[in-house]
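Notes to accompany the following structure.
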Amino acid sequence: GMICAVASAPDIILPAKWMAAALGENLAFESPEQAAEFTDLLMRFYNQVVRELNAGNGITFYVFPGEDGNDDLETWCEGYLAGVELSEVNWYEHGDPDVVDELLVPMLLLSGRIREAAERAGEPVPDEDEERRLLEEARAELPDAILDVHRYWMQRRISHPPLRRE
């Protein structure tokens, strides 16, 4: 999920930044060759995701089954939202906040963040049947939402760091 968000961000997120976030900053390898091979594999995976997003026909989901037997999209969506947070550009400030919110709803629902925010704020949460229905809708909408986010930001991408003018 993180790599999809990184590839779709409104700004370019350098590999050193997202690799450290995904793998930890103190990743140790047995040799420089092993480190180079691992980095090469990860960059090839990143490039595959970029190609799939740019083609606009959907992406390949690499997920494990969850406890309920379904794909563990909660972890995938948490990774996606972690990728959103890696961006130097605040997605809500650079884009239309209402549009960004709408685009991210499936990820926010499936990650459990909407429920957590409602509980923290003391707001009502849906009953079990309503939550199941919302999660099923989010699961069905997720592939299109990923492509919609990518298209949205590719039209607004900042290809260089913003310049500060004094």
Side-chain angles (χ1 to χ4, degrees), residues 1-23 38-66 68 70-118 123 126 130-165:
M2 179 183 285
I3 290 177
C4 280
V6 165
S8 299
D11 58 333
I12 295 171
I13 301 171
L14 297 177
K17 184 173 185 177
W18 61 260
M19 283 186 191
L23 304 171
F38 183 81
T39 301
D40 179 60
L41 286 170
L42 198 52
M43 286 307 300
R44 284 195 279 163
F45 177 61
Y46 170 84
N47 289 328
Q48 173 193 335
V49 170
V50 169
R51 281 191 301 277
E52 289 179 354
L53 288 166
N54 287 338
N57 298 321
I59 62 155
T60 304
F61 280 93
Y62 295 96
V63 295
F64 294 100
D68 61 0
N70 291 320
D71 290 341
D72 180 11
L73 293 179
E74 179 178 348
T75 301
W76 194 96
C77 289
E78 255 320 308
Y80 191 96
L81 296 170
V84 168
E85 293 165 3
L86 288 175
S87 186
E88 294 291 324
V89 173
N90 182 305
W91 286 34
Y92 289 91
E93 291 175 6
H94 187 62
D96 179 320
D98 293 331
V99 172
V100 173
D101 242 357
E102 185 177 324
L103 289 169
L104 295 178
V105 162
M107 294 78 148
L108 292 165
L109 274 167
L110 290 166
S111 69
R113 287 195 186 186
I114 288 181
R115 178 183 247 300
E116 291 168 7
E123 296 174 358
E130 178 66 8
E131 184 173 34
R132 187 178 310 110
R133 186 188 65 73
L134 290 169
L135 292 173
E136 286 173 11
E137 284 178 12
R139 185 178 289 276
E141 293 169 2
L142 183 62
D144 287 337
I146 293 162
L147 293 175
D148 290 344
V149 170
H150 184 72
R151 280 189 287 270
Y152 181 79
W153 288 123
M154 290 306 98
Q155 295 170 1
R156 294 160 181 79
R157 180 162 258 188
I158 299 169
S159 58
H160 56 81
L163 298 175
R164 279 208 132 107
R165 298 185 192 246

If the plane angle is over 60° it's perpendicular, under 30° parallel, otherwise tilted; pick one for W153 and H94.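 W153 and H94: parallel rings.
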Do the side chains of [Y] and [X] get nearer than 4.5 Å, heavy atoms only?
| X | Y | answer |
| --- | --- | --- |
| N57 | E52 | no |
| T75 | D72 | yes |
| L110 | E78 | no |
| W76 | Y62 | no |
| L104 | W91 | yes |
| H150 | N54 | yes |
| R157 | P10 | no |
| L53 | M154 | no |

Please name all residues satisfying side-chain contact (heavy atoms from CB on, under 4.5 Å) with P15, sequence neighbours left out, ordered by chain then number.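 Listed in chain order: W18, M19, M43.
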With sequence neighbours left out, write down each residue that passes side-chain contact (heavy atoms from CB on, under 4.5 Å) with A82, or none if nothing qualifies.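 Scan of A82 (side-chain contact (heavy atoms from CB on, under 4.5 Å), adjacent residues dropped) gives M2.
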Between Y80 and L73, does the side-chain contact (heavy atoms from CB on, under 4.5 Å) criterion hold? Intermediate values first, please. CA-CA 10 Å; Y80 191 96; L73 293 179; over 6 Å; no
What pair of heavy atoms forms the shortest contact from [X] to [Y], and how long is it?
| X | Y | result |
| --- | --- | --- |
| V49 | C4 | CG1-SG, 3.8 Å |
| V105 | I114 | O-CD1, 4.3 Å |
| V50 | A7 | CG2-CB, 3.7 Å |
| L103 | A145 | O-CB, 3.9 Å |
| S87 | A9 | OG-CB, 4.3 Å |

To the nearest 0.5 angstrom, please state how far the [atom1] atom of [X] sits from the [atom2] atom of [Y].
| X | Y | atom1 | atom2 | result |
| --- | --- | --- | --- | --- |
| I3 | I13 | CD1 | CD1 | 11.5 Å |
| E136 | L109 | CD | CG | 12.5 Å |
| R139 | R132 | CZ | CZ | 12.5 Å |
| I146 | C77 | CD1 | SG | 7.0 Å |
| E141 | L134 | CD | CG | 9.5 Å |
| N90 | D11 | CG | CG | 10.5 Å |

Does K17 pair with E88 as a salt bridge, N-O distance under 4.0 Å?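 Yes, this pair counts.
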So, are R133 and E130 salt-bridged, with charged N and O less than 4.0 Å apart?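 Yes, charged N to carboxylate O under 4.0 Å.
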Axial cation check for Y152 ring with R156, 6.0 Å and 45° limits: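 Yes - R156 lies over the ring of Y152, closer than 6.0 Å to its centre and within 45° of its axis.
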Which is it for V84 and V6 under the side-chain contact (heavy atoms from CB on, under 4.5 Å) test, yes or no, and what are the steps along the way? CA-CA 7 Å; V84 168; V6 165; over 6 Å; no
Pairs satisfying salt bridge (charged side-chain N to carboxylate O under 4.0 Å, His left out), at least one member in residues 95-110, at least two apart: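 Applying salt bridge (charged side-chain N to carboxylate O under 4.0 Å, His left out) to every pair that reaches into residues 95-110, excluding sequence neighbours, yields nothing.
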Please answer whether the main-chain N or O of L108 pairs with a side-chain N or O of S111 as donor and acceptor at a distance below 3.5 Å.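 At least one qualifying donor-acceptor pair exists.
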